Amino acid sequence: MNLRAPEANRSNAVHAGAWWLWALGLAVAASRTTNPLLLGLLVGVAGFVVAARRTDAPWARSYGAFVKLGLAVLVVRLVFSVLLGSPIPGTHLLVTLPEVPLPDWAQGVRIGGRVTAEQLVFALYDGAKLATLLICVGAANALANPARLLKSLPGALYEVGVAVVVAMTFAPNMVADVGRLRTARRLRGRPAGGVKGVLQVGLPVLEGALERSVAVAASMDARGYGRTAPVPRAVRHATTVLTLGGLLCVCVGGYGLLAASGGSYAVPLVAAGVAMALAGLRLGGRRSVRTRYRPDRWDARSWLVAGSGAAVAALVVAADAAALHPGVVPLAAPELPLWPALSVLVGLLPAFVAPLPKESM
Amino acid sequence: MIRFENVTVTYADAGAPTLAGVDLTVPEGELVLLVGPSGVGKSTLLNAVSGLVPHFTGGTLRGRVTVGGRDTRTHRPRELADVVGTVGQDPLAHFVTDTVEDELAYGMESLGLAPAVMRRRMEETLDLLGLAALRERPIATLSGGQQQRVAIGSVLTPHPKVLVLDEPTSALDPAAAEEVLAVLQRLVHDLGTTVLMAEHRLERVVQYADRVALLPAPGAPVVVGPPAEVMAVSPVHPPVVALGRLAGWDPLPLSVRDARRRAGGLRDRLAGRTPPPGPATAPASAAPASGAPGDGPRRAGAARSGVRAVLERLVRGGVTPPAPAAAPAVAEARGLAVRRGRVEALRDVDLVVRAGETVALMGRNGAGKSTLLGTLVGLVEPASGSVLAGGRVPHRTPPRELVRHVGLVPQEPRDLLYADTVAAECAAADADAGAAPGACRALVSELLPGVADGTHPRDLSEGQRLALALAVVLTARPPLLLLDEPTRGLDYAAKARLAGVLRGLAAEGHAIVMATHDVELAAELAHRVVILADGEVVADGPTHEVVVSSPAFAPQVAKVLAPQPWLTVPQVEAAL
């Protein structure tokens with residue numbers, strides 16, 4: 001039997017939802033630890049899978065942007081820690097910045113002052129956690145086509161989904177517009193850079209975006225967007241009642257859960273609310289005549305991809321060893337805990353089971 | 001299939017109706033070509049078929065439009081989506097999704113077809129349009145011709161009975177246009193689809209039309225008839241028709257093949273004569289003729305004869321500057337290479353442009369024409385080799401100084417215009433170029449007579465906007481003028497005016513380099529043609545030598561009169 005992953009095509013593509021579950025699994029694992037070695041391992045696993053299985057499509061290029069964003073978050077976290085101080089007590093003094101004197105009412109706020117090694121290490125761990133979460137999201141973005149994910153939404157939510165897709169295609173178009181108009185500024189003999197240049201370009205870019213949205217709307221209308229099937233009055237009303245009633249039940253039940261006094265009615269109420277809302281969505285889907293062309297199928301490979309992410313999350317959550325949170329006060333070198341590290345490696349599975357994208361053209 | 005009954009369309013803020021009293025019937029299975037000068041309401045008429053006018057655009061529509069028996073008054077565009085497929089001028093503005101297959105499926109999904117039907121039609125449509133190899137490609141990575149085919153495919157999958165196309169080939173190179181037209185032919189012949197299409201580039205499409213509907217002027221009644229009859233009276237017509245009118249052929253030929261079969265006599269009369277040197281030679285005074293359509297240079301000499309013709313020929317021979325060989329070089333590229341990521345956009349390109357010379361850059365979409373213009377104006381930095389414009393290295397010269405040496409009118413002239421009024425635009429151009437106040441306005445008055453100071457650039461027609469952008473660029477008096485696809489979206493009258501202006505500029509000593517797909521324009525204006533393919537120069541020589549032998553880049557007159565070296569109707573007219 002041939003166990004090697006097949007070449008990717010539309011039919012055997014891993015379900016977009018499976019990629020998101022996998023990434024969320026890694027993210028859950030990242031949120032449970034501040035150990036920089038484990039976080040690094042998680043980033044490495046996500047990066048390896050992305051490198052092995054991403055395509056050349058435009059959305060796949062977002063991974064680099066997410067990595068940069070993660071690094072920026074890390075740096076910002078460190079800078080804030082240095083400038084605004086930190087409640088972490090520390091004995092290893094690195095430098096003492098001049099402190100800005102603040103009035104009495106601003107007690108508890110500090111600008112400048114002591115910078116200790118402990119607070120920096122704490123900020124570093126904390127920032128690394130956030131950065132890892134972002135990189136996991138970036139990996140999902142690079143591996144799963146966002147438009148396909150929206151195709152898996154229930155019919156009643158389809159129109160919302162289209163709005164999101166169109167909005168997402170707008171950003172790159174606007175970036176291209178800015179480039180073109182700055183070029184044009186240069187052609188008129190004005191320097192292309194500078195705040196003034198950007199501002200002068202702003203209005204035409206917005207105009208262009210508006211025109212494009214009108215054109216897309218016309219095209220969608222002419223191609224049948226928003227055609228509805230005739231639905232009996234009773235069904236329409238039932239949809240409204242179910243959806244609104246369900247949401248109301250969820251709200252009241254949620255309040256009961258939090259208030260701690262309504263433990264008896266809260267859980268059944270939330271359950272009923274969710275069931276009603278789902279029924280409402282299902283009924284609402286009847287109004288839509290849309291069908292789906294070759295939706296992603298949830299096959300064995302999708303199970304494996306989603307399952308590996310879930311396994312990483314479950315194993316790391318279950319591990320709960322002290323090594324997941326290396327000491328900051330007093331400072332201690334982080335250790336790599338064996339079992340959590342091995343469980344993180346389970347997340348590499350998609351790099352072997354997901355279909356292999358074709359070589360770029 | 002399509003019926004217009006006394007249709008009048010008035011937009012909310014317009015004084016006069018855009019369409020007035022239009023009666024038009026298009027029977028099933030016909031390909032009807034809608035022609036007319038810019039601004040006569042062709043797009044409005046097309047959008048009325050799909051119901052976008054007035055449901056989407058606003059305005060009032062009086063009269064009745066029915067498509068396949070459905071009245072657009074009671075059916076909104078989405079309810080006509082299974083009968084009418086509409087493709088607008090810009091395919092990019094048409095796409096809703098991001099990959100080819102999703103785009104083709106979008107319309108079928110909206111109509112709620114069964115998955116098995118969708119799958120079958122998808123494969124059929126991919127084959128019909130030759131898109132099978134591109135099915136998983138992101139749309140943004142396709143070429144212009146491929147995008148246009150995807151746009152047509154995306155409205156074909158629901159199997160509409162009517163296809164409405166607004167300028168499907170205007171932005172395409174000759175080969176890509178052939179691709180699209182071949183597809184349309186197949187649809188009409190094999191599937192019996194009714195096609196209503198507007199197009200400025202008549203030389204490409206008129207021979208495919210079963211009938212032609214002419215909108216001669218805003219508010220004028222529609223003239224419908226067989227192509228040859230309508231072309232005989234149409235103010236807009238392709239060169240082959242102009243040649244036929246000149247030679248008095250009846251019925252008029254519409255294709256090169258028809259014309260060639262009749263051209264024996266004309267070839268005999270022209271034998272032994274040679275075209276005047278230099279580019280085609282309508283006198284500079286006749287070309288930027290009054291705005292009235294039909295008053296173009298080609299008709300100006302219809303009744304010319306005897307002594308007058310001889311005199312004119314003498315005058316023309318004197319006026320036309322031969323391709324200047326010894327003039328100083330205004331732009332010079334040596335061993336130029338440009339890389340975009342891994343792609344070598346240009347490789348080892350040598351080009352010298354001299355003062356007073358007009359050079360046409362041709363080649364398919366993506367061959368590197370725009371990149372070459374970009375390096376000359378400093379937008380693109382060469383990877384190796386050298387480039388000089390006006391003796392300066394463009395990408396190292398500050399923009400404020402560079403505009404005095406080289407100016408580029410980009411593909412979308414609107415990008416150059418920021419201000420709210422023509423007057424403000426001119427004042428800004430004077431300030432940018434460091435010219436005396438009023439210099440730009442004087443140019444505008446010359447190029448665009450009769451445009452008021454307070455007009456918003458957005459309200460100008462395509463051709464007027466181009467002229468305004470040209471005036472803005474010329475305010476700095478650059479000796480080297482670059483134009484990227486200047487005739488995109490222009491009708492014949494606007495094109496003739498542009499040709500006149502450019503000829504005048506060349507005579508004043510400006511060097512002009514234009515990237516264009518328009519073989520007729522190149523034949524009319526260029527001293528030299530440079531053909532690029534995959535970033536390399538594959539041909540560089542005098543226009544008549546390069547163009548006559550090429551199947552793709554030869555103008556119609558050259559094809560008709562080959563092997564004689566005639567390129568344009570005015571040349572032939574001058575020689576007769």
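Not measured: the values here are computed from a predicted model. Note on naming: letters A, B, ... go to the chains in the order of the sequence lines (proteins, then strands), and numbering restarts at 1 for each one.
The side-chain heavy atoms of A:Arg294 and B:Glu101, taken from C-beta on, include a pair separated by under 4.5 Å. Side-chain contact between B:Asp102 and A:Arg10: present, with at least one pair of heavy atoms (C-beta onward) separated by less than 4.5 Å. The shortest distance between side-chain heavy atoms of B:Arg78 and A:Tyr225 does not fall below 4.5 Å. Side-chain contact between A:Val214 and B:Phe56 is present, with at least one heavy-atom pair separated by less than 4.5 Å. Two residues are said to be in side-chain contact when any heavy atoms from C-beta on lie closer than 4.5 Å; B:Arg76 and A:Arg227 fail this criterion.
Annotation for B:Leu416 and A:Leu187: closest pair CD2-CB, 3.9 Å, computed over non-hydrogen atoms. Contact between A:Ala218 and B:Leu52 at its shortest, heavy atoms only, is O-CD2, 3.7 Å. Across all non-hydrogen atoms, the minimal contact from A:Ser219 to B:His94 is OG-O, 2.7 Å.
Proximity to chain A is limited to the side chain of B:Val472, based on heavy atoms less than 4.5 angstrom apart. Of the two parts of B:Thr157, neither the backbone nor the side chain holds a non-hydrogen atom closer than 4.5 Å to a non-hydrogen atom of chain A. Both the backbone and the side chain of A:Ala217 come within less than 4.5 Å of a heavy atom of chain B. Contacts between B:Ser154 and chain A at a heavy-atom distance below 4.5 Å involve backbone atoms as well as side-chain atoms.
Atom-to-atom distance recorded for B:Tyr418:OH and A:Arg188:CZ is 6.5 Å, nearest 0.5 angstrom. Atom CG of A:Leu181 and atom CD of B:Glu412 lie 10.0 Å apart (nearest 0.5 Å).
The choice from B:Arg400, B:Met118, B:Glu109 that makes the most heavy-atom pairs within less than 4.5 Å of chain A is B:Glu109.
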Only pairs under 3.5 Å count here: list side-chain donor-acceptor contacts from residues 230-239 of chain A, not counting sequence neighbours, and write none if there are none.
from	atom 1	to	atom 2	distance (Å)
A:Thr239	OG1	A:Val235	O	2.7

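The backbone N or O of B:Pro115 lies less than 3.5 Å from no partner atom in the side chain of A:Thr291, so there is not a single donor-acceptor pair.
Look at B:Asp415 and A:Arg185 and you find no salt bridge, because none of the NZ, NE, NH1 or NH2 atoms lies under 4.0 Å from a carboxylate O.
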